[in-house]
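See below for the structure under consideration.
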2 protein chains.
Amino acid sequence: MRKPVRRRAAALVTIDQVAHRAGVSLMTVSRVTNGHECVRERTRERVMRAIRELNYKPNPAARALAAARADRIALLYANPSAGYLSELLLGTLDGAGLTGCQLVVQKWEGADGGGERARARARQLARDADGVLLPPPLCESQPLTAALEGVQVPCVAIAAGLATPGMSCVRIDNRRAAHDMTTHLIRLGHRAMGFIKGDPNQSASAQRFEGFRHALADAGVPFNEAWVAAGDFSYRSGLRAAEHLLAARIRPTAIFASNDDMAHAVISVAQRRRLSVPRDLSVAGFDDTLMATTVFPELTTVRQPIAPMSQEAIALLLEATRRKRLNLDAEPEDRLFEHELIERDSCAPPRGASSATS
Amino acid sequence: MRKPVRRRAAALVTIDQVAHRAGVSLMTVSRVTNGHECVRERTRERVMRAIRELNYKPNPAARALAAARADRIALLYANPSAGYLSELLLGTLDGAGLTGCQLVVQKWEGADGGGERARARARQLARDADGVLLPPPLCESQPLTAALEGVQVPCVAIAAGLATPGMSCVRIDNRRAAHDMTTHLIRLGHRAMGFIKGDPNQSASAQRFEGFRHALADAGVPFNEAWVAAGDFSYRSGLRAAEHLLAARIRPTAIFASNDDMAHAVISVAQRRRLSVPRDLSVAGFDDTLMATTVFPELTTVRQPIAPMSQEAIALLLEATRRKRLNLDAEPEDRLFEHELIERDSCAPPRGASSATS
DNA sequence: CCAGCGGATGATAGCGCTACCATACGCGAT
DNA sequence: ATCGCGTATGGTAGCGCTATCATCCGCTGG
């Protein structure tokens, strides 16, 4: 006969400890952590309290083993600015690590391939992952969302401009963020302000432009159509837009670009024209990607808290997949996060103006 | 009494099937897959064959559960070009997914913080991860490698210029790659060729420059010191270098930049000077990051197979951690991968030259 | 010839959790 | 009262693997 052996240092809290503390069986605890329904409200609360008190975290490996299934979520991307993609990757990776789920990253190309191809890909995706994270511009691609809906994969849109109907969404208030940045520029003393729009197919673009216009109106600063240029979030489009803006008869003293890539382009063009940033021209961006601190001067921009947003998106997705497994229907959520104005070196009061700080 | 219940569809190959086929106990199989030493060579081979024949893949969840430890590897980065970082992230994520290990990504800043701070961070890192992946420029940062050595964490350098002594390394032959690209440009008919160097602190820079010079020499094309500009892999440095090169009395007809970021900068400067790429100036990059296809015209560049390289690096790291656990010493490996010349639109024969294709 | 030893292999008990079934407990219908 | 039925909870057998110990075997030295 052999005496039993403890294999673990028992450092971690396990499900039976929680069960014991809550005075229930470990199955009940399992049901609670998995969101099963057949648990009385009072019991559930007792268990939840025990979980909190012991700071219990289910062991993902054990879960995966017992349930023969790991939580796998896919992050789709398309046509990304490298800066934005790495930001997103970093954020979701973090969030995935925290929840112990696995992240599968895939490029999604060919919303053009016709509905059939999209549907085939979506079917494959449904096999590979339990849920899908959709950053822009994918969250607003009709063929994709339709195909995904077709195969019943839960989705969460991340950083969309507006909540997509029928899909959970994690985002900031783009309109207000643009409003804040514009107001900041006005406070610095700017009156002649240029704006570069984003991709017209993304709702965030319109939101940001609206925020800009309203801030102008709110401050009584005249709006000049000639100082608005079209763009599509790409560096290249920013180049064109900046040339257009800086060739105007009366040049704006500040340019607010709808993302960092285009702001970068503005700086390039300005420097080529021997304009000093920020002395002769202030430049503001949006997103606070890695690039914002790579360029010189470093970009004043709006920061989206991508990491917390990703975490929330993942949590939402996990919740949705769970509900789906139990055949409960989930109604979409729309979570708003706070943006942050990051002041760096690319913005200053206009030449000869005394800054009018409030 | 209750009759036993099969819980799994038994779709996957498990360790006992392998054991049965090899005619050994499942423990022996486990020993083989974990690289333990006390297995006779003949037995090991029998087991390996069974593994191959059944295409057995150990279940990472079960492993993690039984061994009370998941394979966690850290990817450190610093001061990255966004393009390069996302490329790396995508590659390692892929590799990690394949081996079922977890990826922890951390920014490493402050090799400047003095040795003590670095050592403290390294200690923390040793707790968080079993091994560390070191992309450039970190793999050549003395304080870091020393600190890591101090806490005995296995490391693998990825995409370094030269093998770091005492550390495994996965890379391409930078010298040969640069040689190939230069030869390609010469074949197109270029004789006046500019070069932008990379960060002098990274061995890849010297390698690439050497490849450039030797290709010139091999083809009997004269080397002109005036057409070489310093850079540090950043877009900004590329801008400066390009201005310098394009302001020369006799302009080069082609510029080979040591990475894509700087090549991008060359294109920007060229366009600002009303030079058409590739008609008036050919531009070549290195790395084939996302950016290469984002700019216009798309970049002719050298592709490092980052994804396979990352996989190999992870495999090497996992092997090293295993050996470390068993107190075996591992000798560093140096794995070379094949690069690939990617021809896109930024290079063409020089004006008025009849291309001399071999 | 046998004790003693070390290397190779096997048997078994977990690892922490969930799937599956069993059980307990109302509560309205008969 | 009895039965049936549905809801809340418990018991237990795995999930696929590794740690630990037991066993077996061939060899050396006394």
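Proteins get letters first, then strands, A, B, ... in listed order; numbering begins at 1 in each.
One atom, CZ of B:Arg46, and another, P of C:dG10, lie 9 Å apart when rounded to the nearest Å. One can place NE2 of A:His36 at 16 Å from P of D:dT7, the figure rounded to the nearest angstrom. Between A:His20 atom NE2 and D:dG11 atom C1' the separation is 17 Å, expressed in whole Å. Summarising the geometry, the separation between CZ on A:Arg44 and P on D:dA8 is reported as 10 Å, rounded to the nearest angstrom. The nearest whole Å value for the distance from the CD1 atom in B:Ile15 to the C1' atom in C:dA11 is 14 Å.
In the helix from C:dC1-D:dG30 to C:dT30-D:dA1, the end axes, each obtained as the rotation axis mapping the C1' atoms of four pairs onto the next four within a five-pair block, lie 50° apart to the nearest 10 degrees.
Note on B:Asn34: only backbone sugar-phosphate atoms sit closer than 4.0 angstrom, heavy atoms only; bases stay farther off.
Identified under the salt bridge (Lys or Arg N to Asp or Glu O under 4.0 Å) test for residues 305-317 of chain B, with sequence neighbours left out: B:Glu312-B:Arg335.
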Please table the atom pairs, donor to acceptor, closer than 3.5 Å between any side-chain atom in residues 44-52 of chain B and protein atoms at least two apart or in another chain.
from: B:Arg44; atom 1: NH2; to: B:His36; atom 2: O; distance (Å): 3.4
from: B:Arg46; atom 1: NE; to: B:Ala22; atom 2: O; distance (Å): 3.0
from: B:Arg49; atom 1: NH1; to: B:Glu53; atom 2: OE2; distance (Å): 3.4

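Two residues, B:Thr43 and B:Ala62, neighbour DNA chain C, and the one matched to the more 5' nucleotide by heavy-atom proximity is B:Thr43.
Interface residues of residues 22-30 of chain B facing DNA chain C, ordered by number: B:Val24, B:Ser25, B:Met27, B:Thr28; criterion, heavy-atom separation under 4.0 Å.
Considering only side-chain atoms of B:Cys38, the nucleotide from D:dA19, D:dC17, C:dT9 that sits closest is C:dT9.
With sequence neighbours left out, A:Arg322 forms a salt bridge (Lys or Arg N to Asp or Glu O under 4.0 Å) with A:Glu319. Take B:Asp71 and apply the salt bridge (Lys or Arg N to Asp or Glu O under 4.0 Å) test, not counting sequence neighbours, and it matches B:Arg69.
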